[in-house]
Each structure stands twice: as structure tokens, then as C-alpha cells.
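For the single chain, residues carry numbers from 1 onward in sequence order. All heavy atoms count here, side chains included; hydrogens, waters and symmetry mates do not. Note that this is a predicted model, so its numbers are computed, not measured.
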Amino acid sequence: MTIAFGGLFASVSPALAISTNQQQFDQMNAESLFERGTEKINRGNYQGAISDFDRVIALNPNYIEAYCSRGMAHFSLGNLDRAIAEFELALEVAPRHADAYNRKGIVFAQQSNLELAVENFDQALNFDSNFVDAYYNRGKARTELGNLQGAIADYNQAIKLNPNLAEAYGNRGFVRARLGNKQKGLKDLQQAATLFLDSGNMAGYQQTLAYIQMIER
């Protein structure tokens, strides 16, 4: 899921206040532009998406998801510091926005700043205790930090909230195998393989089979 973006809040004197109809029109335009920007992200046109999100924010400086999506577009372009700044802008608008913390944590993890990543996943979970992605992402970060029991606890919670999350089973299985519990690790990996296959994710399925073969040796 960066430079300081200033000047987003236009100062308007009372005599020039925007009418209700104009506000509604701008909001409609903002939503249409946001949808178009999201489609561009899905197509890999990240720079085009950023341009659309720029316009969304110009129309509605409180459009939190536009900051988050613009941050993810910068993340996809490798502009990691700019991505972090976007999530911080979102948090200025909504300080309890769990997804902004989660996405900021993802960027810190990409920068190998795992302690800060965990802190942001913690914050995301403070504001949304049922946030599956934050549990899963914190589990991955804890694994990299060597906190394997903590990682398993996070994967347990992610699976409890989403029993079809193949990646959580796969990662939990790999961690269990590292801890010496080969039987439970293989059981998790086999469940992950089944879920990947059922969902048509052949890349995930093949990768999981490779892990299973490696552990079985």
C-alpha cells in the first residue's frame, strides 16, 4: 500500500462559499475519479492513478481512501518514502484509520524496518481488533524478526477470522516446521495447498507443494 503535500485545503471567504449543489457535484466527480484511479492501479498504470487521486484530493481533501490508494500507487512505483507520507496524510484526516497504519507497516517492512512495521500493525489492531490483514502482516514481520511464537499467534488469529486464508496456513506451517513440529507444519501446508487449488491460485499451489517436498526430505 513521500513528499509533503501541502495546500490541499482551499481558503474560501464566506461570500464565495461553494453551494450545496456544487459540493454534491464535486463529490460525485471525486468518487468517479477515485474509481477510475483504482481501475488504473489494477491495470498497472500507477502514474495515471496518482494523477486521478491528486484530482480527487483537490476536490475533497478529506477523502481518506484517496490518500491510501495514492500511497499504494507510489509503493508500487518503488517510491517508499512518498508512500509513507501519503498514509501519514490519511492519518491526519482520520487518526484512527486502521488500514492506513496497516499499509504504512507494509512499506516499513519493505524497507526492512521491521520494528516500525510491527508498531504500525499494532496500531492497526488497536483500532480494529478483527483486521485480518494486520494479523497476517504482523505475523510475517514477527517471523522475520525471529519471534516465531508471536508469528504463530498472529496466524492463528488470522485463520480464526478467515478460515480460507491460504497464505496464513502456509506461513504458519512453515514456522511450525522451523520450530521442529514437522507434523503440524505439513498439515498446515497441505491445507494451504488445498485452498490455493480450490481458488485457482496455481502459483501459490505450486509454491506450497515445493515447501511440502522440502520439509518431507
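Applying the side-chain hydrogen bond (donor to acceptor under 3.5 Å, both in side chains) test to E119 and every residue at least two apart in sequence or in another chain returns nothing. R178 is linked by a side-chain hydrogen bond (donor to acceptor under 3.5 Å, both in side chains) to nothing, counting only residues two or more places apart in sequence or in another chain. Residues satisfying the side-chain hydrogen bond (donor to acceptor under 3.5 Å, both in side chains) criterion with N126, sequence neighbours excluded, are Q123.
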Exercise answer: donor-acceptor pairs, residues 203-216 side-chain atoms, under 3.5 Å, sequence neighbours excluded:
residue, atom, partner, partner atom, Å
T208, OG1, G204, O, 2.7

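Criterion: ILVMFWY side-chain heavy atoms under 4.5 Å apart, direct or through other members. Under it, I57 and I64 are part of a common hydrophobic cluster. Transitive grouping of hydrophobic side chains (ILVMFWY, heavy atoms separated by less than 4.5 Å) brings I152 and L165 into a common cluster. Cluster membership for L116 and L114, using ILVMFWY side-chain heavy atoms within less than 4.5 angstrom, is not shared. L189 and L195 fall into different hydrophobic clusters, defined by Ile, Leu, Val, Met, Phe, Trp and Tyr side-chain heavy atoms under 4.5 Å apart, directly or through other members.
Taking CZ of F53 as the start and NE2 of H74 as the end, the distance is 10.5 Å to the nearest 0.5 Å. Going from atom CG of N120 over to atom CG of L125 covers 11.0 Å, rounded to the nearest 0.5 Å. With rounding to the nearest 0.5 Å, the separation of CG in D99 from CD1 in I106 is 7.5 Å. Between the CG atom in L148 and the CG atom in L179 there is a gap of 5.0 Å [rounded to 0.5 Å]. Rounding to the nearest 0.5 angstrom, the gap separating the OG atom in S51 from the CG atom in L33 is 10.5 Å. To the nearest 0.5 angstrom, F87 atom CZ is 9.0 Å from N102 atom CG.
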Under the side-chain contact (heavy atoms from CB on, under 4.5 Å) criterion, do M202 and L197 qualify, and how do the steps go? CA-CA 6 Å; M202 298 309 296; L197 186 61; 3.9 Å; yes
Starting from the C-alpha separation in whole Å, work towards a yes-or-no answer on side-chain contact (heavy atoms from CB on, under 4.5 Å) for D133 and F131. CA-CA 6 Å; D133 288 355; F131 198 161; 3.5 Å; yes
If you apply the rule side-chain contact (heavy atoms from CB on, under 4.5 Å), what do you find for R36 with E31, and how did you get there? CA-CA 9 Å; R36 191 174 74 177; E31 290 172 1; over 6 Å; no
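Shortest non-hydrogen contact noted between I41 and A73 is CD1-CB, 4.2 Å. For the pair A141 and V118, the tightest heavy-atom approach, listed with the atom from each and the gap, is CB-CG2, 3.8 Å. Considering all non-hydrogen atoms of both residues, A30 and L59 come closest at N-CD1, 3.8 Å. Between V132 and A158, the shortest heavy-atom contact is CG1-O, 4.0 Å. Residues A49 and G37 come closest through the heavy atom pair CB-O, 3.4 Å. A pairwise comparison of heavy atoms in P61 and V93 identifies O-CG2, 3.9 Å as the closest pair.
Contact check for Y67 versus R70: side-chain heavy atoms found under the 4.5 Å cut-off. When side chains are defined from C-beta on, I50 counts as touching L77, because their heavy atoms get closer than 4.5 Å. I84 has its side chain within reach of Q111: a pair of non-hydrogen atoms, C-beta onward, lies under 4.5 Å apart. The side-chain heavy atoms of K104 and V107, taken from C-beta on, include no pair separated by under 4.5 Å. The side-chain heavy atoms of F34 and Y63, taken from C-beta on, include a pair separated by under 4.5 Å.
Counting non-hydrogen atoms of other residues, nucleotides and ligands closer than 6.0 Å to NZ of K140 gives a total of 12 or fewer.
For the residue pair H97 and E65, a side-chain donor N or O sits within less than 3.5 Å of a side-chain acceptor on the partner.
For residues 105-129, the pairs satisfying ring pair (Phe, Tyr, Trp, His ring centres under 6.0 Å) are Y101-F127, with sequence neighbours left out. Note on residues 163-173: pairs passing side-chain hydrogen bond (donor to acceptor under 3.5 Å, both in side chains), not counting sequence neighbours, are Y136-N171, N156-R172, R172-D188.
A distance-only check finds no donor-acceptor pair linking the side chain of D128 to the backbone of A124 [under 3.5 Å]. Checking side-chain atoms of S199 against main-chain N and O of F196 turns up a donor-acceptor pair under 3.5 Å.
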